[in-house]
Amino acid sequence: MTRRVVVTGVGMTTPLGVTTEESWQGLIAGKSGIVTIEEWTTLEFAGHKLPVTIGGRVPGFDPEAWVEQKKDVRRMERFIQLAFAASHQAWQSAGLPAALDDAEGNRAGCIVGVGLGGLGGILSAYDNLREKGPRRVSAFFIPMIVANLAPGNLSIRYNLRGANWAPASACASGSHGIGEAFMHVREGRADLMLCGGAESTLDPLAVAGFASMHALCTTGNDDPARASRPFEKKRNGFVMGEGAGMLVIEELEHAKKRGANILAEVVGYGSSADASHITAPAEQGEGAQRAFREALAQAKLAPDAVGYINAHGTSTHFNDKSETDAIKAVFGAHAKKVMVSSTKSMIGHLLGGAGGVEAVISVLSMTRGVLPPTINYDEPDPECDLDYVPNTAREARVDVVQSNSFGFGGTNGVLLFSRFKG
């Protein structure tokens, strides 16, 4: 017998703001958080400048406002600090105590998806090694940069003594983190899970790598706010961002017993592999189609039950077309009725943090009755012909929302949330 799983807390920190509310208000206002990274504009490597000097950086982020032990701040890479900020907000919104007692903690866990982890910390430590010698590499170097130290530190903070790990599945990491946590609760292995995704890799090396793959937008340096344009005809690559999105999910009776405010129900999770190419999506989004169908089957829902899709929508040519194709293949005639938007148009692509943030946005869209837009949508692409909620937020009541995440290696993660009906 499977158990019902509900969302009782959400939190996010994004390029639109440190807090959930700041980020949400920016999203529904159609505001862009993509800016010029000033220190990148003067950098040169072997006489060459960076091809991209824009990104989505969390504005005014002070880790000491979120990490209680100040000494711990120096021992955490930025992706862990961002996970703390989002988790603190999710934990508070769930109305939970400062930390669980041991009995509760034994039935609670933490799964946080992370893509690249502490890339900046690796480069900084290598500089120390090269310039000052091995004794100047910090004893905290490894605990700072490994991906599972996001959930590891959070488990210590909240006394979460159950499952504790970090899916590292590229840009689907956050969705896989939530999906796997959902399965833990659904199957009775936990009563409560803190879950989501976090990433901070705004670094010249990452920019150079993605640009060499022709994955980044290289034409937006002069107008950062308009660089990310998912599903639009002139799109030519994604824009990197940073941030974290976290949820508290619980077994229904556990949530009711403590009088929790239930925001939504998690009803479906699908994961699949394209098994076709390390970076390019499968033709017609075939792998994504299977993840869609798995999530719908688990939820026992027909495609026409879904009212809104928060798309992966990276602003690359092949992703946006294949995602559109997958939606049309699975949703049939309903594909032209379901509302779709890509919030990456405003916050960029948060890589391993994307699925966590977009899950939070999906839940808030349903509970607040407002769908964030796809901004910079000026000229429709004939190959992408769905309702992408262009440029302006839309008031709409939807009872089921879907959040899509796809990653390099052909990995796919899909989450379904429904309005809680008791």
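In what follows, residues are counted from 1 in the order of the sequence shown.
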Practice prompt. Could you pull out the closest heavy-atom pair between T8 and A260, with the gap in Å?
Written response: CG2-CB, 3.9 Å
Worksheet item: Is the side chain of S87 donor-acceptor paired with the backbone N or O of A83 at a distance under 3.5 Å, no angle test?
Response: yes
Practice prompt. Inspect the surroundings of CD in E44 and state if more than 12 heavy atoms from other residues, nucleotides or ligands are less than 6.0 Å away.
Written response: yes
Discussion item. Taking E294 first and then R290, would you say they form a salt bridge - that is, a charged N and a carboxylate O separated by under 4.0 Å?
Written reply: no
Discussion item. Given 3.5 Å as the limit, does a donor-acceptor pair link the side chain of N221 with the main chain of T53, or not?
Written reply: yes
Worksheet entry | Ionic contact status for K337 with D304, cut-off 4.0 Å | no
Practice prompt. Report yes or no: do S175 and Y269 form a side-chain donor-acceptor pair below 3.5 Å?
Written response: no
Worksheet item: Can we say K344 and E358 salt-bridge, meaning some charged N sits less than 4.0 Å from an Asp/Glu carboxylate O?
Response: yes
Worksheet entry | Lys/Arg-Asp/Glu bridge criterion (N-O < 4.0 Å) met for E21, R368 | yes
Worksheet item: In terms of the angle between their ring planes, are W165 and H184 parallel, tilted or perpendicular, with boundaries placed at 30° and 60°?
Response: tilted
Worksheet item: Taking NZ, NE, NH1 and NH2 as the nitrogens, is one of them in D381 or R229 under 4.0 Å from a carboxylate oxygen of the other?
Response: no
Practice prompt. Using the six-membered ring wherever Trp is involved, compare the ring planes of F331 and F292 and label them parallel, tilted or perpendicular (cut-offs 30° and 60°).
Written response: perpendicular
Fill in: Check: Q81 side chain, P63 main-chain N or O, donor-acceptor pair, under 3.5 Å
no
Discussion item. Would you say the ring centers of F231 and Y388 fall short of 6.0 Å from each other?
Written reply: yes
Discussion item. Check whether D274 reaches the backbone of E286 with its side chain - one donor and one acceptor, N or O, closer than 3.5 Å.
Written reply: no
Worksheet item: Is it true that D72 and R157 make a salt bridge, defined as a side-chain N closer than 4.0 Å to a carboxylate O?
Response: no
Worksheet item: Under the 3.5 angstrom rule, does the side chain of T13 hit a backbone N or O of L82 as a donor-acceptor pair?
Response: no
N/O donor-acceptor pairs under 3.5 Å from side chains in residues 345-352, not counting sequence neighbours:
unit_1	atom_1	unit_2	atom_2	d
S345	OG	S342	O	2.8
S345	OG	I375	N	3.1
H349	ND1	L351	N	3.1

Worksheet item: Has the side chain of R3 got a donor or acceptor atom that lies under 3.5 Å from a matching backbone atom of L252?
Response: no
Worksheet entry | Plane angle bin for F210 and F238 - parallel if under 30°, tilted between 30 and 60°, otherwise perpendicular | perpendicular
Worksheet item: Between R57 and E39, is there a salt bridge with N-O shorter than 4.0 Å?
Response: yes
Fill in: Minimum heavy-atom distance S272-G287, with the two atoms named
OG-O, 2.6 Å
